[in-house]
Amino acid sequence: MKRRSWQEYQKEIADDHYYYARSCIRQNFFPGSEKAFIDILTNDLGKDLLDDPKHSSCTGIGYHSDIVPLETIMTVVARQFSLMNEAGYENFVTSCITSFGIYTEILATWHEFPETEEKTRENLFKATGREFRKPANVAHTSDVMFHFRDEIAARAKHRLVNAVTGEPLRVVEHIGCHYAKIFPKSGIGGSEFPYVLAGMIESWGGEVVDYPERRHCCGFGFRNYLVQANRGYSIANSHKKLESMAPYKPDFIVANCPGCAMFLDKWQYAIAEMEGTTYGQNGHGIPVLTYEEMAGLVLGYDPWALGIQMHQVDVEPLLDKMGIEYDPAAKYLGRNGKYIGKPESAVVNCCPTDTIYDIRE
Amino acid sequence: MKKRIIVIGGGVAGMQTALRLAEQGIEPVIVEKEPELGGKLRGWHVLFPTFTPAEQVLTDLRRRINERGIEVMTSTEVVGLEPRSVALADGRRLTCDSVVLASGSTLFDASIKEEYGYGIYDNVFTSADLERMFNEGRVAKADGSAPRRIAFLHCVGSRDEKVCQQHCSKVCCVTGVKQAMEMKRLFPEADVFNFYMDIRMFGPGYEELYREAQQSYNIHFVRGRISEASPTLEGRVQIKAEDTLTGRPLRMSVDMLVLLIGMRANDDNARLADGAGLQRARSGFMAPRDLFLGNVASNVDGIFYAGTVTAPKTIGESLNEATAAADAAVRYVEA
Amino acid sequence: MGKYFDMLMEDVRMREGLNACMNCGVCTGVCPAAEFYNYDPRQIVSIVQSRDDEAIEALLKSDTIWYCGECMSCRPRCPRGNTPGYVIQALRTLSQKLGFFVESEKGRQQLALKRIIGENILRTGYCIVPRLVKPELHPEQGTVWQWIYDHDKEVYGQFSPSYMRHGAGALRRIDDESLAEINRIFEVSGGSEMFETIEKHSDRKAREMGYEEGADQQYMMDVFTTNSNEHY
Amino acid sequence: MTFYAPFCLPFILGAAVMFLTLAWKWGKWLWLLPRRDKMRLLRGLPTRRTLQAVGEVISESLLHRRIFRVNPLLGYMHMSLAFGWFLLIAVGWIETIAYLGFRYVPLQGHVFFKYFATGLAHKPVFDQLMDLLLLFVLSGVALAWGKRFYSRAMGLKRTTKHVLGDRVALSALWFIFPARLVAESTTCAIYGGGGFLTGGIGGWMADHIGIMPLLTMESVAWWFYSSCLGIFFVALPFSRYMHIFTEIPLIFLRRYGIRSGEKESSFDNFQVEACSRCGICIDPCQLQSVLGINDVQSVYFLRDRRYNHLRLQVADNCLMCGRCAERCPVDIDLNTLRLNSRDTMHNVPDERRYGYFKGVDRSSGEGKVGYFAGCMTLLTPRTLSAMTTIFEAAGEEVWWADREGGVCCGRPLKLAGETDSARKMMKYNAELFRKHGITTLVTSCPICLKVFREDYDLPGIEVLHHSEYILRLIRAGRLKLEHGSTRFTYHDPCELGRGSGIYDEPRAVIEAVGELFEPASTRENALCCGSSVANTAISDGQQVQIARSVATELEATGAEVIVTACPLCKKAIGRGTQRQVRDLSEIVAASIK
Amino acid sequence: MAAINFGYTISKPRVIDLDRNNLRKSDEILREMPELQTCIGCGACTAICTAGNLTSFNFRRVHTLVRRGEYQGAYEEMNKCMLCGKCRLVCPRGINTRGVVMLIKRKLGDF
């Protein structure tokens, strides 16, 4: 891709000392990714990061479902900043695209409409007695990962290349609407050709695949997924994206936003069950990774430690392609290393792990 | 001694201004930053609405400049002006009795509208590219094959706050219609779509041209601005828009996407204006003293405007305005 | 004339989101909702900027304003610097404030969202927790999710030392003091009031619709699952 | 005496084919007549209508009275051929009887009597009479030849373009009488006798040609004559000459009150095949005279319909102004036939259509007089305000019938052939009118008027065009008008004039307010404005062309103001002239004291 | 398959997809009536429309959709038209709108 313009959208990313805000969806569906992010930053890169137990959800999902008023979410956000101040940090990193959107948007609103900031300070003080200072820097966790992409590349145990042919893996990236569509300047590469994931992919040896519906929403649409009656919309959007990317034969999808990663994974299952359409090699789905998982794999983390077993679409074919060694038998082990049973196999699942477990059982 | 007036810019407006000045016994000097006269006209193929070859107009103007023996300084950039002198980039200062600023405007850089992928996707072109291709006689997709479906997008870099171009560039509508017809002539089997918000056919014969494009050329006009362009596996360009007349989103892939780029104010307008105390409009174009009774005069006595330095204009309008500007300048120096 | 428009304009999102629309359709061209619903953000903006009270009231009571997925794809493209998504947010907020949301099928779903997401926020400090994603209500989450759901402590335990317990880490239990702060924030900033408004109007509508117990669990499940299929 | 020679064979075969075909066709058509029409026929037979029909057959089928009205020379041509031939047959019959007394003579005996009667003593009276009649017919043939070359002499700018079958029959017909002349003359040359014509030519031939060649010639001539007859007879039922025999039953059936309707019926066959393709309908057609469209006129429409190759483009491209029907010598109900063809082509019975009429009625109020402005009138608001002024001045309590809840009258759909859909509108509006208890229904649109009068079931409601209504108000003294000096000319709307027979009322109204100047084509001959809703084929530009030509005629009267009484005509003519164009109501409203 | 009751189905796209739409009928219509292509979308026809003032029938929208190859429902929509012909009188491009209605009905009647 001849994207040069990303360089015009450079944003300030702090080098160290991050106040980390977790994501509701990421910790629900990709707890391993959050763990991996912290591990990579602190262990591999030796950075300082605070995982503060007192912070809460930004309530962004509630806000975008229109049940949480703007004033309320502003105050919740203000509380997060206050916690950060309290802990002595000023670089806010959030693990969620919705949150990232919320933080940048609220900071911009406070700037544009100062009376809203005043009101928020008032509300926060009234409710909690807290005050706050705005962060020096707000970044999404992927921004930080992008920031250190070369350091990670230097430590790479695996590259995003086919271990057999040496060809770069074909990667489809999905950015998540709220990363840069709200404020193009707040995303690396802007809103049209975001470079945050592409930069990692290229640094780590992969090839980014552009396709017609690249910029399209995964279809979460908040109330559109959260209410069962509306899910036809949600699945239809992912369906549209999958149909559009399938002819490019991507080796995997990497998503910036935890929700998108979950949906692009789960909807492949639902589409297969609903209408029999399957994607990917042999119809066993296109693996979907979070960028933390992608980075973890590159750095040689154990796939199961990254939580890849929590995906509906099996990632093993990708691991095989990358030449990553893993223990198939360790996939479904509980926290003490004991086998806890395995999920039912679905159309999109391919790995003949059944036999292994059948033997174990 | 003959009065001397410096004409900054050697495009159609500058050339016509100089010719008119010479006719009235003034000694004009054309200062042009490019190596040759002609300005934007050098890049055009045929002119709307008559399909007159641009070359024909250009050749005639150049011939008359030669015949009159008008002094022309090419490859010379102006960095500042005053009513009685012009400063050049090489440090020289030319003195004169008055200045006509005919420095024109700049074509909008389509790559700024990232969502259309100009410079990124092979088959996205600008109207200026297309004119060049017409002139070179090689109109084709990037791979050299003939297009079967072509889309034109109006208002690229015009009427768009996102790129700080709120003004209408005036000529792109009719250019889009003209180019669509030219494409249809070259590729009669191709489907041609024009995506527009308003079709502004303000000039004589323009509306007729539009109608002919619709009825005789079967060019499809879709009211809706293209939202984004993306590549397809076959190297085509997929575009999305709303067909606003039906209120439904529309998607299609095309072999060529042509962006009808607008005119924007020259970047050096700001510097020239600041130096000379000239006023600029919000759009960045120079602001005439008065839009009705003094539209070729600036707010500074002795500095006059001709052509698109004040706003987007057609070739014909620029020529007319050049005459008016020259006359105003003559009245000034002879007063 | 313009009563609702003025009310909308009290919302900063309206002031940010609506300048002057020229109906170019760029927003609709990329809008995911326009593709799958009988929905056209351009027309919404167009109606709102008409300041026609009758038309805006009809809008506030319609399904139309509830289709948007708030992905904000419209925002970076608008040549007039509008954000139809913000206008929608303002409309939705007003529709709930005025109790108009219960007049449409999609609007009534706000009750389900309030009860599922809203109450969860106050209870846990998170929008979503694993126990909320019940496999029977989320069949699309698939077989692996069922497995995770059934063995949550085992699975999450591998990645978080404090799953459903106090301390740092994924899905930790948030301490009571923090939860109390969140709750007070909702009290002070209008969040709780919004919840009550949603409950109040839903209850009224439920009774109007013949639910004798008002907006009970049955009503909530009905709004959660009902799709008249008249939205396309 | 034997009445047979080999040359008779072509004639005998031809005549047999013809009569059998005729019998088959008539039989089938009569058999397939709807029951109601059959009853009309049976009830009509023993009445005076039968006699009237006989009279009409003589005046039209033989004498061609109506064609005389178009052009005397053309009338003479048709009469000489038809009536002349008829007399030849009739007098020939009498001649046979005169010679042979009452005895059976086979058909060919009558027809070729001259050939068989050579041995009999001559009766010069008959010889002379028959020659005179032959000359009469031959003069018609000569004119027919002449018409091919110079039709204008007979008042026709254009003649019909015929199909191949017609050309064969026509050629045979042209040769029948010259062949008879030669055959009879040759026989006279050999055997003597004959009148001034055949005898004269025969004598000349006897003097100049030897007997052997004459004998050969005689044989050839009679063979040729018989062959021409045979060919003509075979071609007749399949060509335009079918009209000769079809017009007769048509006249009878019509006298018995049988008509074509909005659906095709067996009776239509009598009308369709009664067309002689004389081409009189071509000239009055403005599509022809103004636009040069020359394949859609009634003659071609009927021809195409008869041979089952009617195309939509032909059926749909007609203004239905009725100018052709006004001139048709056979009085064929051209508009109705075209309408029922359109019905066949376009009508789709579909119960679901216009289901939305349920619930569109928002009407209220009552009034003795209902005013149905008509869709088009809504585009001529001056007419509306003029009508308001008139109603107020006359103190009329009016219920505005199509202001809230009224739908289109249905005539446009009917004209487009969508008969069943049109019925839905008629039913809806009729119910609406009844609901509001009106006793008079006034409309400003002649299109609506026609359908209200002809297709609506409105018992107890009198339907008036506003011209009639206004005249009544004037006559009743409810409107006091100022007579001024303005010079008006009046354009007869097709649907009002030819369509509904209203010519005098608008004129009387105009004369009450000013001076009236008649244009060159007026009343029954009035031109169509060109924007007729019956035509969905011509373009906007073509409509304007017609409007211009109409306006030119109206302007030529020197009038200051062009008046019409139809909103569509007003709109249309307004596009073709710089003069003022006003609806009748406007000039009345402006003249109220 | 279908063993699981999801409680919803994948929504069908409403997008006018000119890559998928079959434009044959649309081309035929434009060939028979090229003037239809001169529509400037002013909406005068729709504003004046008798049927359009009683129902949601929108002539401009329907014929535009037909030109884009969206035939679904167009025939049924056109059947709401009463052919009164006011639209023809107001069309600034002089399009034979009644003819368009008849033509579209004829071309799409067999759908």
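Numbers restart at 1 for each chain; the letters A, B, ... are given by sequence-line order, proteins then strands.
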Counting only heavy atoms closer than 4.5 Å, note whether [X] contacts chain A via side chain, backbone, both or neither.
X: I128(C); value: both
X: Q96(C); value: side chain
X: L171(C); value: both
X: L137(C); value: backbone
X: F186(C); value: both
X: V133(C); value: side chain
X: R173(C); value: neither

Quiz prompt | Residue from Y37(C), Y67(C), W66(C) passing side-chain hydrogen bond (donor to acceptor under 3.5 Å, both in side chains) with N224(A) | solution = Y37(C)

Quiz prompt | Residue, of N237(A), D52(A), I73(A), L226(A), that accumulates the most heavy atom pairs under 4.5 Å with chain C | solution =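 Sorted descending by pairs with chain C, the first entry is N237(A).
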
Exercise. Heavy-atom pairs under 4.5 Å with chain C are the metric here; pick the option from H55(A), H311(A), E71(A), M262(A) that has the most.
Key: H55(A)

How about [X] and [Y]: do any of their side-chain heavy atoms sit closer than 4.5 Å?
X: K266(A); Y: H138(C); answer: no
X: R223(A); Y: Q109(C); answer: yes
X: H216(A); Y: P32(C); answer: yes
X: H231(C); Y: Y233(A); answer: no
X: I340(A); Y: V155(C); answer: yes

Quiz item: Does atom NE2 of H111(A) have more than 12 heavy-atom neighbours from other groups under 6.0 Å away?
Solution: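 Atom NE2 in H111(A) is not crowded, with 12 or fewer foreign heavy atoms closer than 6.0 Å.
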
Exercise. Begin from the C-alpha positions of K35(A) and Q158(C) and carry the test side chain to side chain contact (heavy atoms under 4.5 Å, CB included) through to its verdict.
Key: CA-CA 10 Å; K35(A) 182 171 189 297; Q158(C) 296 174 56; over 6 Å; no

Exercise. Find out whether the Lys NZ or Arg CZ of R13(C) is both under 6.0 angstrom from the six-membered ring centre of F113(A) and within 45° of the ring's axis.
Key: no

Quiz prompt | Verdict with supporting geometry, R130(A) and E181(C), salt bridge (charged side-chain N to carboxylate O under 4.0 Å, His left out) | solution = CA-CA 10 Å; R130(A) 290 174 178 277; E181(C) 283 189 12; 2.8 Å; yes

Quiz item: If you tally heavy-atom pairs under 4.5 Å against chain A, which of R77(C), E193(C), K114(C) wins?
Solution: R77(C)

Practice problem: Carefully, step by step, assess K338(A) and E154(C) under the rule salt bridge (charged side-chain N to carboxylate O under 4.0 Å, His left out). | Solution: CA-CA 9 Å; K338(A) 73 167 199 296; E154(C) 288 293 334; 3.3 Å; yes

